[in-house]
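Read through the structure below, which is laid out as structure tokens, and then see the notes.
What's counted below: heavy atoms across the whole structure, side chains too, no hydrogens, waters or symmetry copies. For this chain, numbers begin at 1 and follow the sequence in order.
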Amino acid sequence: MDLGLPAGEIALLAGGLIAGGLIAGFLSGLFGVGGGGILVPVLYELFGALGAADEVRMHLAVGTSFAIIIPTSFRSARSHHQRGAIDLGVLRIIGPAAIFGVVLGALTAKYADDTAMKLIWVVSATTLSLSLFVRRDAWRIKGDIANPALSFPAGTGIGFLATMMGVGGGAYIAPFMTLLGRPIHQAVGTAAGFSCIVAIPALFGYMWAGWDAAGVPAGSLGFVSLIGAAAMIPSGVLAAPLGVRLAHGMERRKLEIAFAFFLSLVGLRFLLALVL
């Protein structure tokens, strides 16, 4: 397929995609997230280089992110499960609510503009990172995530935000579970499984939302670029177990602080995109 770019630029883009996949896969294992915080910015720049219309660049980055999150988060969840760090009971309870939130998110994304989606990124990532920086071990929320009265609104809200942002939702589930008294490593492992539940329906939702959209690059199904996904999936799957290994060797507070720094960088990236 002719991308209309010099060979040197194509090689640079390919290298960036492979590196982005490695980082995303590693973060998926380390934090229990799908890696969308890295994937979306990288894909956003890629689609700009490929000449995608500005009006659909963010949508393409978010939609394609889910195609990559599915295998990386699955590999991460499998590795955590082998270490006994996933609460499958929580996933069975919160999963249907998350899927409902994904449907709402896909419907919203179909009509949201580029600025609105970036703003959601900035506000959500900043709020979550600040909460992790200032939280204390003694802080707890009364209740149990296995309680449907708590899990349904939480799952729906997180599923919605994750779909709008192109993440698996692990960035929200993990700290939420720790506030409810769950161990950080169990929270991270369960978050990886949650990312799988969110990413699969979200992928099809973005295909549907962008099916007739103008300005998408060649090799796309709706708002999902098959080229971008194919370039990043192999390296992401390869790197996920490395992140899992490091996560299980870190103290809880260090893992939370590292996670907060990660989210801060994501929020800053899209704040700059809004103001520049």
Side-chain angles (χ1 to χ4, degrees), residues 1-3 5 7-50 52 57 59-83 86 162 165-171 188-189 191-207 216-248 262 265-266 269:
M1 180 180 297
D2 184 8
L3 300 179
L5 295 173
E9 291 187 22
I10 292 176
L12 185 62
L13 284 171
L17 285 170
I18 293 171
L22 286 169
I23 296 171
F26 178 77
L27 291 175
S28 175
L30 181 61
F31 298 132
V33 300
I38 294 295
L39 293 169
V40 172
V42 170
L43 290 168
Y44 184 81
E45 301 302 334
L46 167 71
F47 296 132
L50 293 180
R57 278 176 67 187
H59 293 74
L60 278 165
V62 170
T64 306
S65 175
F66 286 118
I68 304 163
I69 286 172
I70 291 171
T72 56
S73 60
F74 177 81
R75 183 72 184 275
S76 172
R78 185 170 179 269
S79 296
H80 280 292
H81 182 59
Q82 290 172 343
R83 295 170 180 262
I86 294 183
M165 296 173 66
V167 301
V188 168
F194 183 86
S195 295
C196 297
I197 294 173
V198 167
I200 294 172
L203 173 68
F204 291 104
Y206 271 85
M207 287 181 178
V216 298
S220 299
L221 290 177
F223 288 137
V224 178
S225 169
L226 302 181
I227 295 174
M232 297 183 79
I233 285 173
S235 56
V237 171
L238 179 66
L242 301 177
V244 171
R245 187 178 307 169
L246 180 59
H248 283 269
F262 160 71
L265 291 174
V266 172
R269 165 66 185 87

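For the pair I200/I70, a side-chain contact is recorded, criterion being any heavy-atom separation below 4.5 Å from C-beta on. For the pair F66/V224, no side-chain contact is recorded, criterion being any heavy-atom separation below 4.5 Å from C-beta on.
Scanning all heavy atoms of the two residues, the minimum distance from P71 to I233 falls at CG-CG2, 3.7 Å. The two atoms that bring S195 and G169 nearest to each other are OG-N, 4.3 Å, heavy atoms only. Pairing each heavy atom of V198 with each of A162, the nearest pair is CG1-CB, 3.9 Å. Pairing each heavy atom of L43 with each of M232, the nearest pair is CD2-SD, 3.8 Å. A77 and C196 make their closest contact through CB-SG, 4.4 Å (heavy atoms, listed as atom of the first residue, atom of the second, distance).
In this structure, the side-chain hydrogen bond (donor to acceptor under 3.5 Å, both in side chains) partners of Y44, at least two apart in sequence or on a different chain, are K118. Every residue was checked against the ring pair (Phe, Tyr, Trp, His ring centres under 6.0 Å) condition with F194, not counting sequence neighbours, and none meets it. Residues passing the side chain to side chain contact (heavy atoms under 4.5 Å, CB included) test with S225, sequence neighbours excluded: F47, T64, S220, I227. Here L221 pairs with M207, W211, L226 under the side chain to side chain contact (heavy atoms under 4.5 Å, CB included) rule; sequence neighbours left out.
R245 CZ: 12 or fewer foreign heavy atoms inside a 6.0 Å radius.
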